[in-house]
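In the text below, chain A, chain B and the rest are named by the order of the sequence lines, each starting its count at 1.
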Amino acid sequence: MYKVIASRMIVPNVHVLTVEAPDVVRDMQPGQFVIIRAEEEGERIPLSVSDWDADRGTVTLVFLNIGSTTHRLARLEEGSGIPTVVGPLGNPAEIGLYGTVLCLAGCYGIGSLFPIARALKARGNRIITVLEARSSFLFYWEERFRQLSDKLVHITRDGTKGYKGHVGRLPEVIKALAEPVHRVIVNGCTFLLKRGSDATRPLGIPTTVSLNPIMIDGTGMCGVCRVSVGGVTRFACVHGPDFDGHQVDWPELLQRRKTYMAEEVVPLRTSRCEEHSLHAEETR
Amino acid sequence: MAEKKKPDLERREIPKQPPEVRRHNFFEVALGYTEELAVAEARRCIQCKKPQCVPSCPVEIDIPGFIAHIATGDFQEGVRVLKSRNCLPAVCGRVCPQEEQCEKTCALKKLGGTVAIGRLERFLADWEAARGAPEMPAIQGPTGKKVAVVGGGPAGLTVAGDLIQLGYAVTIYEALHRMGGVLVYGIPEFRLPKAIVNREVQYLQRLGVKLVTDFVVGKTRTIDSLLEEYDAIFVGSGAGLPWFMEIPGENLNGVYSANEYLTRLNLMKGYRFPEYHTPIKVHKRVAVVGGGNVAMDCARSALRLGAESRIVYRRSREELPARLEEVENAEEEGVIFEFLTLPIRYEGDASGWVRRMVCQRMRLGEPDASGRRSPIPIAGDETVFEVDAVVCAIGNSPNPLIGSTTPGLTLGKKGNIMADEATGSTSRAKIWAGGDVVTGAATVILAMGAGRKAARAMHEYLCGS
């Protein structure tokens, strides 16, 4: 069991979970992910790593409570445990010296972008952070980003903070900067990754996206995470998770992510009684 | 003087669930010999002076030896003889291709009455398990040396079992959350119940083997990092990178690799969704591409989930690489076989789900490098199957995570680790390798054989005998 050190909802439906997993964080790099199981009968899901502490041996994950497994994760209390945390998986993000880097994130991506932005800043890049949300009360880790960003911009659907609208306004944001942007890094839901890439394509700014398709093992064994990039099939778990956002076949990826949409909520409807009898059966 | 008896050529059949019943459940197909059947079958063995079955077993089990004990009803002694050479008899008795190995060289084969060696092996293992805790073997005094085993599949389990008995401190590192490798993620419950794998793993644990799950060597720690702690390492990380055909439509929803399909079902127990939370779709018409044991496993699983299930294979029945027994089981259960048929593209619906499989009909030409007659397309002869799922079971390459993170480890063309066939030694000192990561996808028993040889070589190296 991997011990839960801290667990809380940081903004509505977005949770921060810190788990003790010393082996996992020993060589952790920005941009990598872990696979977790919330309980013994649970499925394996990938979660991007939002922070870690190699000395304390802890890893911090930010996730949206949206499906069966994240719902169970959200209910975890400090001191409890989860049966699987495995990693670090995937390739580290490329931390080059690009010049000015625009870091774009929304939702749980705000968390996973943080270690990448921090490393890019430490590498000597100028960091412009653009955070997107439906409303201002959904932003978190603002202070962390303020400290590492040379400029921090917000976009909200309801206009309660920064630009009103969604990521489609990115070209205006970039224009208003009145300075060249050499690279864009996007973290968040697949839709945000797509819209972000669409926005930067006409501007010709190289754009790296961190993909989050369905995975099982996370080591290249099952192939469910395959994604077409520049017409070639790649496995996001071992070839990614970072890819050129202008080369990704977005309709295909969005489609593949919906494979288990109907089944996703079914386990939430089963009664706990069934699970108890199941445990008894397995240990017989 | 006793009259020389005519050999009994009546091979005792193993009781099975009837096809019309088993096609609806995931319980084991073969039910195993009763004691009476096992004794009767064992008495048929003519106890050759120079048995040919023993050298054709990759782990050289004393086959006539354990069979003689079954014949006299001394099952406990039979177990001892069996387990002195094979630490996973319940597994091997079920999944070894005996017809290609020990049973192929049985002296009674020519007379048409091959002794059912595999079924007898299975009988002994199950007999012992039914009696409770297994007998523990003698363990030699500690050598003070530490060995790490990478991968908890058949090769790694064998190495661990052998070295722990020789007095080494052994730790197995497994990437998934359960030990067993292909035995737990690949081979379905109806062919190899997971309780049996768990039993064998618990046995190793009782012998003192340390088991570490959720640990991806090459990612969590590299081989070189482990070598700072261990005196030697065995790599048995398997063939875990699935091949696809690279034809149009392969990324449509509903197209699976065999690894994904089987892992969802077996490791994650998707067939018991939603009690277990990993979903598997209930499909109506499933096509499985390929003709090996894995393809049979997928097709028979799809059938059990309630689908019309079809094997699509580019050669004919003659060339099927699967074990004949598994092909016959699949046929009895109602799997449809489309021979001389090769998928050329998949077509989907508006929401991106696979709906049709367009295939090219083939004919057989001259034998190719594999010795099997090669399939040749029949120009203009195409056929279409309505499907809502496709499982691609055409093979796997070795997983590259170790090769790519271990400098100086020589790899072959397909990314396999180059290792000496007799000893498992690699281009790097202190690193041995065996099983599918060396050979490419093969069988459980070959992986165990490679593990046995490597364990012997590691022992010689570490203790200089």
Side-chain angles (χ1 to χ4, degrees), chain A residues 2 21 23-24 26-27 32 35-44 67-69 72 83-90 214 216-224 226-228 232-233 235 238 249 251-256 258-260 262-264 266-270 274-275 277-278 282 284, chain B residues 173 175-178 185 194-195 198 212-216 218-222 225 237-244 246 250-264 267-270 272-282 348 351-353 392 396-397 399-401 404:
Chain A
Y2 297 82
D23 284 331
V24 172
R26 194 192 317 263
D27 296 325
Q32 291 189 294
I35 295 252
I36 62 101
R37 276 189 314 146
E39 49 196 271
E40 207 40 61
E41 296 78 27
E43 59 178 339
R44 298 169 62 98
S68 133
T69 299
R72 284 159 205 272
T84 289
V85 179
V86 56
L89 299 171
I214 298 171
I216 302 178
D217 62 294
T219 65
M221 188 196 77
C222 81
V224 65
R226 58 197 191 277
V227 48
S228 298
V232 180
T233 296
F235 289 4
V238 287
D249 182 337
E252 179 188 283
L253 179 61
L254 284 162
Q255 206 57 253
R256 287 187 65 78
K258 286 185 194 154
T259 307
Y260 294 101
E263 287 80 3
E264 178 65 26
V266 174
L268 294 175
R269 299 196 198 116
T270 57
E274 266 173 58
E275 289 174 19
S277 69
L278 184 73
E282 287 299 300
R284 235 189 351 246
Chain B
Y173 291 98
L176 292 170
H177 57 271
R178 274 204 208 309
Y185 77 73
K194 300 308 149 228
N198 292 343
V212 180
T213 49
D214 300 327
F215 198 106
V216 186
K219 281 286 178 191
T220 308
R221 277 177 78 181
T222 60
S225 163
S237 51
L241 198 73
W243 290 341
F244 287 94
E246 291 169 29
E250 233 169 2
N251 289 347
L252 286 165
N253 287 2
V255 181
Y256 305 83
S257 73
N259 279 355
E260 182 196 348
Y261 195 69
L262 293 174
T263 300
R264 279 184 184 278
L267 176 72
M268 307 310 296
K269 297 198 188 289
R272 289 170 66 174
F273 179 83
E275 294 165 74
Y276 284 79
H277 312 154
T278 304
I280 184 96
K281 286 277 177 187
V282 177
S351 57
W353 277 88
C392 203
N396 295 287
S397 318
N399 197 298
L401 281 180
S404 62

All heavy atoms of B:A239 vs all of B:Y185, minimum pair found to be O-OH, 4.5 Å
Turns out that what part of B:T263 lies under 4.5 Å from chain A's heavy atoms comes down to side chain
Turns out that what part of B:F215 lies under 4.5 Å from chain A's heavy atoms comes down to both
Output for pair (B:E246 CD, B:N251 CG), nearest 0.5 Å, gives 10.0 Å
Bottom line for A:I36: the part with an atom under 4.5 Å from chain B's heavy atoms is neither
The interface call for B:L262 against chain A, heavy-atom contacts under 4.5 Å, is neither
The interface call for A:Q255 against chain B, heavy-atom contacts under 4.5 Å, is both
If one checks every heavy atom of A:P83 against chain B at 4.5 Å, the contacting part turns out to be backbone
Taken to the nearest 0.5 Å, the spacing of A:I214 CD1 from A:C222 SG works out to 10.0 Å
For B:D214 and A:T84, does a side-chain donor sit closer than 3.5 Å to a side-chain acceptor? yes
Checklist line | N/O donor-acceptor pair under 3.5 Å between B:N399 side chain and A:T219 backbone | finding: yes
_Taking B:K269 first and then A:E41, would you say they form a salt bridge - that is, a charged N and a carboxylate O separated by under 4.0 Å?_
no
Applying a strict 4.5 Å limit to non-hydrogen atoms, the region of A:R26 in contact with chain B is side chain
### Query
Does the distance from a Lys or Arg side-chain N to an Asp or Glu carboxylate O, for A:E40 and B:R178, drop under 4.0 Å?
yes
Heaviest contributor of heavy-atom pairs below 4.5 Å to chain B, chosen from A:M221, A:Q32, A:E43, is A:M221
Test your reading of the model: is there a side-chain donor-acceptor pair from B:K281 to the backbone of A:T259, 3.5 Å cut-off?
yes
Bottom line for A:D23: the part with an atom under 4.5 Å from chain B's heavy atoms is both
Honestly, the part of A:R37 sitting under 4.5 Å from a heavy atom of chain B is side chain
Ranking A:G87, A:G218, A:G223 by heavy-atom pairs under 4.5 Å to chain B gives rank one to A:G87
